[in-house]
Amino acid sequence: MSEEPLVSCLCVTLGRPRLLERAIRCFRGQAYPRKELVVIYESFDQPTKDVLDGIDDPDIVRIEAPDDPGVTLGSLRNMAVSKCSGEYFCQWDDDDYSHPGRIAFQMGVIEQSGLPACILMQWFIFDEAGGRAYLSNRRPWEGGLLCKTSLIEEGIEYDDLKVGEDTPLVRKLFSKGLVFPVIMPRLYIYTYHGGNTWSRTHWEKIFASSKPLSDESSRLIRGILDGTYDTAQAAEILDGISD
């Protein structure tokens, strides 16, 4: 039986140690066996360095980018892709939460479809300010991309932008028929915490186009994000949300 392809989870972070620690826990909790977490940060980012200095894990790779006031999120993402070892990569945004089965599910879709990329078309959303969880509308959610690394080497890459850098990449993949879209909202929690790249105004539009979940589901999702539940408990909760 052939070995599973290595998947590189690419995490661009900046001065958010609490969120980075959660992203690392999410990575470690993934059921998929062959994976690495590539954390890229800028050289002045001491809080991130402190978190990584306390970790001895060969599956977590750190990339320190030079301090450059003009550097864009897109260029940092492309740098992470160029440094990763995986045959596939996925976005691993530090402020969101991935179900323990996310990588395994998306890699299964890629294997069965024969396409080189898979993207999540619906997911859960949590507004920390309002304490409310939502079921998103259906669209290609860029943060839910898992993609063959060689496509980037062939010229399909992130745009050199500070925000919205991943949208053109996803559009290119769709235009070339290279991505398989899936509807499996339980695999991801997209989170507003007040320090996101996009403004609150942008997020309000997202909330308005989404379906509010019940108070109980909102409470459970908050608990997952806060670390109240372990990996197995979180998976069971997400699998059981149906409202």
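Heads up: numbering here begins at 1 and tracks the sequence.
I206 is connected to L120 through a chain of hydrophobic side-chain contacts under 4.5 Å among Ile, Leu, Val, Met, Phe, Trp and Tyr, so both are in one cluster. Linking Ile, Leu, Val, Met, Phe, Trp and Tyr residues whenever their side-chain heavy atoms come within less than 4.5 Å places L169 and L151 in a single cluster. Hydrophobic clustering, with ILVMFWY side chains joined whenever heavy atoms are under 4.5 angstrom apart, keeps V179 apart from L146. L145 and V7 sit in two unconnected hydrophobic clusters of ILVMFWY residues. Membership requires side-chain heavy atoms under 4.5 Å apart, directly or through other members. L6 and Y32 are not part of a single hydrophobic cluster, where members link through side-chain heavy atoms under 4.5 Å apart.
Using modelled atom types, one side-chain atom of S113 and one backbone atom of V109 make a donor-acceptor pair closer than 3.5 Å. In this structure, the side chain of S218 engages the main chain of A133 through a donor-acceptor pair within 3.5 Å. For E21 (side chain) and R16 (main-chain N/O), no donor-acceptor pair under 3.5 Å exists by modelled atom type. Within the 3.5 Å criterion, the main-chain N or O of A232 finds a donor-acceptor partner in the side chain of D230. At least one donor-acceptor pair closer than 3.5 Å links the side chain of Q30 to the backbone N or O of I103. Using modelled atom types, one side-chain atom of D96 and one backbone atom of T191 make a donor-acceptor pair closer than 3.5 Å. When atom types are taken as modelled, the side chain of S217 and the backbone of S214 share no donor-acceptor pair closer than 3.5 angstrom.
Taking all atoms of both residues into account, the shortest heavy-atom contact from S210 to I125 is OG-CD1, 3.6 Å. L20 and C11 get closest at one heavy-atom pair: CD1-SG, 4.0 Å. Nearest approach of I156 to K172, heavy atoms of both residues: CG2-CB, 4.0 Å. The nearest pair of heavy atoms linking L19 to H193 is CD1-NE2, 3.7 Å. Counting all heavy atoms, side chain and backbone alike, V71 lies closest to E42 at CG1-OE1, 3.3 Å.
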* Just do the side chain to side chain contact (heavy atoms under 4.5 Å, CB included) check on L73 and K162 with the steps written out, would you? => CA-CA 5 Å; L73 181 54; K162 289 186 177 293; 5.6 Å; no
* Trace of the side chain to side chain contact (heavy atoms under 4.5 Å, CB included) decision for E216 with R219 -> CA-CA 5 Å; E216 177 64 6; R219 182 187 68 81; 2.7 Å; yes
* To do: Take D67 and S43, measure what side-chain hydrogen bond (donor to acceptor under 3.5 Å, both in side chains) needs, and give me the verdict at the end.
  => CA-CA 5 Å; D67 181 9; S43 59; 4.9 Å; no
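Rounded to the nearest 0.5 angstrom, R186 CZ and S98 OG are separated by 12.5 Å. Annotation: the span from D160 atom CG to E165 atom CD amounts to 10.0 Å, rounded to 0.5 Å. The SG atom of C147 sits 5.0 Å away from atom CG of L173, with the distance rounded to the nearest 0.5 Å. In this structure, the separation between CE on M107 and CD on Q112 is 11.5 Å, given to the nearest 0.5 Å. The CG atom of D166 sits 10.5 Å away from the CZ atom of R171 when rounded to the nearest 0.5 Å. Considering CD of Q122 and CG of N137, their distance stands at 7.5 Å, rounded to 0.5 Å.
Donor-acceptor pairing under 3.5 Å is recorded for the side chains of H99 and D239.
Grouping Ile, Leu, Val, Met, Phe, Trp and Tyr residues whose side-chain heavy atoms lie under 4.5 Å apart, directly or via other members, leaves L161 alone, with no other cluster members. With a 4.5 Å cut-off between side-chain heavy atoms of Ile, Leu, Val, Met, Phe, Trp and Tyr, the cluster of F44 takes in L14. Other residues sharing the hydrophobic cluster of L213, ordered by chain and number and joined by side-chain separations under 4.5 Å: Y97, F124, F126, L135, I189, L220, I221, I224, L225, Y229, I237, L238, I241.
Taking the side chain as every heavy atom from C-beta outward, M121 and P140 approach each other to under 4.5 Å. In this structure, the side chains of M184 and R102 stay at 4.5 Å or more apart for every pair of heavy atoms. Counting only heavy atoms from C-beta outward, the side chains of I63 and V38 approach each other to under 4.5 Å. W92 places none of its side-chain heavy atoms less than 4.5 Å from the side chain of S8. Residues T201 and E204 form no side-chain contact, since every pair of their non-hydrogen atoms from C-beta on lies 4.5 Å or further apart.
One finds a salt bridge joining D215 and R132 here, because a Lys/Arg side-chain nitrogen approaches an Asp/Glu carboxylate oxygen to under 4.0 Å. With respect to the salt-bridge test (charged N to carboxylate O, under 4.0 angstrom), the residues R62 and D53 qualify. Ionic pairing of R222 and E128 is not present here: no N-O contact between side-chain nitrogen and carboxylate oxygen is shorter than 4.0 angstrom.
For the pairing with I40, the side chain to side chain contact (heavy atoms under 4.5 Å, CB included) check across V12, T13, T48 returns one residue only, V12. Across D57, I24, L10, D59, a single residue satisfies side chain to side chain contact (heavy atoms under 4.5 Å, CB included) together with L37, and that is I24.
For residues 130-184, every residue pair satisfying the ring-ring contact (aromatic ring centres under 6.0 Å, His included) rule, not counting sequence neighbours, is listed here: W123-W141, Y134-F207, W141-Y190.
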Could you list the donor-acceptor pairs under 3.5 angstrom formed between side-chain atoms of residues 81-90 and any protein atom two or more places apart in sequence or on another chain?
| residue | atom | partner | partner atom | Å |
| --- | --- | --- | --- | --- |
| S82 | OG | M79 | O | 2.6 |

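Summarising the local packing, CD of Q233 is surrounded by more than 12 heavy atoms from other residues, nucleotides or ligands at distances under 6.0 Å. The local environment of NZ in K176 is sparse, with at most 12 non-hydrogen atoms from other residues, nucleotides or ligands closer than 6.0 Å.
Every residue was checked against the side-chain contact (heavy atoms from CB on, under 4.5 Å) condition with A208, not counting sequence neighbours, and none meets it.
In this structure, R200 is positioned above the aromatic face of Y192, its NZ or CZ under 6.0 Å from the six-membered ring centre and within 45° of the axis.
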